[in-house]
Peer 1: 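First, the structure itself, so that you have it in front of you.
Keep in mind that the numbers below use all heavy atoms, side chains included, and drop hydrogens, waters and symmetry copies.
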Amino acid sequence: MSNRFFTNGADLLNCEIQNCILNKDEFFSVLACLLMLIGEIIIGNTDKFEMIANKYDTPERIQIAKVSSDAIQNFLIGAKSKNAIDFGCGTGLIGMNLLNEFNSMLFLDTSQNMINQINQKITDFNIQNVDTLCFDIEKENLSDIHVQADYIFMAQVLLHIHDVELVLSRLFDVLNEGGHLLIVDFNKNEKIVSDIVHNGFNPEELTDIMTKIGYKDIQFETFYTGSKIFMGHDSSMFILDSKRDCR
């Protein structure tokens, strides 16, 4: 039997695997496509995040969260008396690392099961001065429910957002005067092709969008490079700091 290699999820699904006897190379080809297909379905889909919430805290994600929270911490100025929002918080891996840096924190995510995981952590560790909110800012405006913050940070969230300018504009309205929005995400990677997520961002282009919205004092830097950290590809991550000026 000749080797059959599957290069994408569609090829895999079109193959009647149950009727095939696969050799070792074919088996690993199928397995790789399955993992790729599952990964692409999960990304950008709140329902799928709901399904994996209780298994989300893998060693790899915990490690990326640590380097991301360290990068955020380096940009905080006088934050001990400030209120923060962990936007798109997932299970709170990054925000939990930064609890001692703020006066209070709101964990916000579109997935109720992710929020449930955070609520369990809050109970288990008797964490004070925190709150949680399940909310989709692409569908509703946070300012309509009178949520304000001095710091908003979002890590590996923007790549899941369809209308980037809309969300950045709505987050601008949530910031108090003098407040900061901190974005951690992947630098643009042309090797990644997906209909579900952005393939990273060019910080210069983000700066142009954010300047038009009204953000000031924008600065950014690449702080981490890792192996196979973005949809199976080697990638680098940047942090961008921006500010809503006092009037």
Peer 1: Any salt bridge (Lys or Arg N to Asp or Glu O under 4.0 Å) involving residues 229-243? Give me the pairs, sequence neighbours left out, ordered by first then second residue.
Peer 2: none

Peer 1: For this output row, return yes or no: ring centroids of Phe186 and Phe230 closer than 6.0 angstrom.
Peer 2: yes

Peer 1: In terms of side-chain heavy atoms, does Asn187 have a donor or acceptor partner in Ser236 at a distance below 3.5 Å?
Peer 2: yes

Peer 1: Got Thr91 and Met96 here, is their nearest side-chain heavy-atom distance under 4.5 Å?
Peer 2: no

Peer 1: Which heavy atom of Glu138 sits nearest to which heavy atom of Leu166, and what is that distance?
Peer 2: O-CD2, 4.1 Å

Peer 1: Between Asp150 and Asn176, is there a side-chain donor-acceptor contact under 3.5 Å, judged purely by atom types and distance?
Peer 2: yes

Peer 1: Let me confirm one number: the NE2-CD1 distance from His180 to Ile72, rounded to the nearest 0.5 Å.
Peer 2: 13.5 Å

Peer 1: Taking side chain as C-beta onward, heavy atoms only, is Lys121 less than 4.5 Å from Asp124?
Peer 2: no

Peer 1: Between Asn97 and Ser69, which heavy-atom pair has the shortest distance, and what is it?
Peer 2: ND2-OG, 3.2 Å

Peer 1: Quick one: CG on Leu93 to CD on Gln117, what's the gap to the nearest 0.5 Å?
Peer 2: 10.0 Å

Peer 1: Please test Phe238 against Phe201 for side-chain contact (heavy atoms from CB on, under 4.5 Å), starting from the C-alpha separation and ending with a verdict.
Peer 2: CA-CA 9 Å; Phe238 69 88; Phe201 297 94; 4.1 Å; yes

Peer 1: Look up atom CG in Asp144 and atom NE2 in His146, then write down how far apart they are to the nearest 0.5 Å.
Peer 2: 8.0 Å

Peer 1: Distance from Asp131 atom CG to Leu133 atom CG, nearest 0.5 Å?
Peer 2: 7.5 Å

Peer 1: Counting C-beta onward and ignoring hydrogens, is there a side-chain heavy-atom pair between Phe153 and Leu98 closer than 4.5 Å?
Peer 2: yes

Peer 1: Roughly how far apart are Ile161 CD1 and Ile137 CD1, rounded to 0.5 Å?
Peer 2: 7.5 Å

Peer 1: Go through the side-chain N and O atoms of Asn116 and Gln112 and say whether any donor and acceptor fall under 3.5 Å apart.
Peer 2: yes

Peer 1: What heavy-atom pair brings Phe223 and Ile239 nearest, and what distance separates the two atoms?
Peer 2: CD2-N, 3.7 Å

Peer 1: Which heavy atom in Met237 sits nearest to a heavy atom in Gln156, and how many Å separate them?
Peer 2: CE-NE2, 3.5 Å

Peer 1: Output every pair passing ring pair (Phe, Tyr, Trp, His ring centres under 6.0 Å) with a member in residues 95-138, not counting sequence neighbours, ordered by first then second residue.
Peer 2: Phe102-Tyr151

Peer 1: Say whether, by atom type as modelled, one donor and one acceptor occur between the side chain of Arg170 and the main chain of Glu140 under 3.5 angstrom.
Peer 2: yes

Peer 1: Checking Ser235 against Asn189: is there a side-chain donor and acceptor pair closer than 3.5 Å?
Peer 2: yes

Peer 1: Within the 4.5 Å heavy-atom criterion, are Cys89 and Ile118 side-chain neighbours or not?
Peer 2: yes

Peer 1: For residues 75-87, please give each side-chain donor-acceptor pair under 3.5 Å, one per line with the distance, not counting sequence neighbours.
Peer 2:
| residue | atom | partner | partner atom | Å |
| --- | --- | --- | --- | --- |
| Lys80 | NZ | Asn100 | O | 2.7 |
| Asn83 | OD1 | Ser104 | OG | 2.6 |
| Asp86 | OD2 | Gly95 | N | 3.1 |

Peer 1: Do Val130 and Leu99 come within less than 4.5 Å of each other through their side chains, counting heavy atoms only?
Peer 2: yes

Peer 1: Counting only N and O atoms by type, is there a donor-acceptor contact under 3.5 Å from the side chain of Arg244 to the main-chain atoms of Leu175?
Peer 2: yes

Peer 1: Begin from the C-alpha positions of Ser143 and Asp173 and carry the test side chain to side chain donor-acceptor pair (under 3.5 Å) through to its verdict.
Peer 2: CA-CA 7 Å; Ser143 59; Asp173 293 336; 5.1 Å; no

Peer 1: Indicate yes or no: at least one non-hydrogen side-chain atom of Ile64 is less than 4.5 angstrom from one of Ile229.
Peer 2: yes

Peer 1: Hey, what do you get for CD (Gln63) to OG1 (Thr58), rounding to the nearest 0.5 Å?
Peer 2: 10.0 Å

Peer 1: Within the distance-only criterion (no hydrogens, no angle test), does the side chain of Asp109 pair as donor or acceptor with the backbone N or O of Gly90 below 3.5 angstrom?
Peer 2: yes

Peer 1: If we only count heavy atoms from C-beta on, is the Leu108 to Leu142 side-chain gap below 4.5 Å?
Peer 2: yes

Peer 1: Hey, mind stepping through Lys139 and Thr110 against side-chain contact (heavy atoms from CB on, under 4.5 Å) and telling me if it holds?
Peer 2: CA-CA 10 Å; Lys139 297 179 180 178; Thr110 61; over 6 Å; no

Peer 1: Can you check side-chain contact (heavy atoms from CB on, under 4.5 Å) on Val164 and Leu158, steps first, answer last?
Peer 2: CA-CA 7 Å; Val164 169; Leu158 204 61; 4.0 Å; yes

Peer 1: Can you name the closest pair of heavy atoms from Ser68 and Val184 and give their distance?
Peer 2: OG-CG1, 3.8 Å

Peer 1: Show me the pairs that pass salt bridge (Lys or Arg N to Asp or Glu O under 4.0 Å) and involve residues 178-207, at least two apart or across chains.
Peer 2: none

Peer 1: Enumerate donor-acceptor pairs with a distance under 3.5 Å from any side-chain N or O in residues 210-217 to protein atoms, sequence neighbours excluded.
Peer 2:
| residue | atom | partner | partner atom | Å |
| --- | --- | --- | --- | --- |
| Thr211 | OG1 | Thr207 | O | 2.7 |
| Lys212 | NZ | Glu165 | OE2 | 3.4 |
| Tyr215 | OH | Leu168 | O | 2.7 |
| Tyr215 | OH | Phe172 | N | 3.1 |

Peer 1: Taking the side chain from Ser111 and the backbone from Met114, do they hold a donor-acceptor pair closer than 3.5 Å?
Peer 2: yes

Peer 1: Which salt bridge (Lys or Arg N to Asp or Glu O under 4.0 Å) pairs, counting each pair once, include a residue from residues 65-74, with sequence neighbours left out?
Peer 2: Lys66-Asp70

Peer 1: Would you say Ser242's side chain and Leu181's backbone share a donor-acceptor pair under 3.5 angstrom?
Peer 2: yes

Peer 1: List the atom of Ile152, the atom of Ala149, and the distance in Å for their closest heavy-atom pair.
Peer 2: CG1-CB, 4.1 Å

